[in-house]
Amino acid sequence: MKNLSTAFLLLLMACQNAGNSNANQSDTPTTTTAATLVPKTPDTTTLAGRWYLQPVLPSDTAAGKIPWLDLNPGLSRFAGNSGCNSMHGKFYFSKTDSSLSFNDKIAISRMNCPGYNEPTFLKSLKSTMRYKLRNGTLTLIGEDHAELSHWTRTPATPPKVLKT
């Protein structure tokens, strides 16, 4: 009788553990999807969002910062950093003919960044007449169809600024 009681008790415990095990398995996912492991990639097929300048000249990053633009087409507004100063203003664009222009009245802070040619950066921005989105790059184009600047969703690494 003692063996029968022990066997019954062991069987009961095994059933309870199996039931608990199945309950726990149904409450927690057993597979991990790739989407939970990979961070979301910013959309590069739309103007909306943050864009970072791809520096070409040493003067593009002379202040040690990468210029960026945060475009909000819904409000026709932008904010950003010139590589030295914070800025914001209005811009106009068209999805149908790829026209894009920045308002001449860009509000900008007035920090001094020796060695950085901010007026040239702003002149280039204000000279924009069109845009092109291709392979994750936003290209700003001038009136003469010249490419003024290239922007991507991830910033380049700025060079270290040498202090003299």
Is there a side-chain contact between Met87 and Leu69, using heavy atoms and a 4.5 Å cut-off?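 The answer is yes; the side chains approach within 4.5 Å.
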Do Asn81 and Ser86 have side chains that approach each other closer than 4.5 Å (heavy atoms only, starting at C-beta)?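 Contact flag for Asn81/Ser86 side chains = yes.
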Taking only residues two or more places apart in sequence, or in another chain, which ones meet Arg77 in a salt bridge (charged side-chain N to carboxylate O under 4.0 Å, His left out)? none
Classify the ring geometry between Tyr116 and Phe121 as parallel (under 30°), tilted (30 to 60°) or perpendicular (over 60°). tilted
Distance (rounded to the nearest 0.5 Å) between [X] [atom1] and [Y] [atom2]:
X: Lys105; Y: Lys90; atom1: NZ; atom2: NZ; answer: 10.0 Å
X: Phe102; Y: Ser127; atom1: CZ; atom2: OG; answer: 11.0 Å
X: Phe78; Y: Phe93; atom1: CZ; atom2: CZ; answer: 14.5 Å
X: Ser109; Y: His88; atom1: OG; atom2: NE2; answer: 9.0 Å
X: Trp151; Y: Arg50; atom1: CH2; atom2: CZ; answer: 11.0 Å
X: Asp70; Y: Tyr52; atom1: CG; atom2: OH; answer: 8.5 Å

How close do [X] and [Y] get, counting heavy atoms only, and between which atoms?
X: Thr154; Y: Gln54; value: O-NE2, 3.6 Å
X: Pro67; Y: Ser82; value: CG-O, 3.3 Å
X: Glu118; Y: Ile108; value: OE2-CD1, 3.6 Å
X: Cys84; Y: Asn112; value: SG-C, 4.2 Å
X: Leu47; Y: Pro73; value: CB-CG, 4.1 Å
X: Leu125; Y: Leu140; value: CD1-CD1, 4.0 Å

Stepwise, does the side chain to side chain donor-acceptor pair (under 3.5 Å) test hold for Thr137 with Asn135? CA-CA 6 Å; Thr137 300; Asn135 297 327; over 6 Å; no
Does NZ belonging to Lys126 count more than 12 external heavy atoms closer than 6.0 Å?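 Correct, the count exceeds 12.
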Single-linkage hydrophobic cluster, 4.5 Å side-chain cutoff, Ile141 and Phe91 together: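 In one cluster: no.
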When hydrophobic residues are tied together by side-chain contacts of less than 4.5 Å, even through go-betweens, does Met129 share a cluster with Leu71?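 Different clusters.
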If we count only N and O atoms by modelled type, under 3.5 Å, do the side chains of Glu147 and Thr139 hold a donor and an acceptor together? no
With no hydrogens and no angle check, is any side-chain donor or acceptor of Ser94 less than 3.5 Å from a backbone partner on Thr96? yes
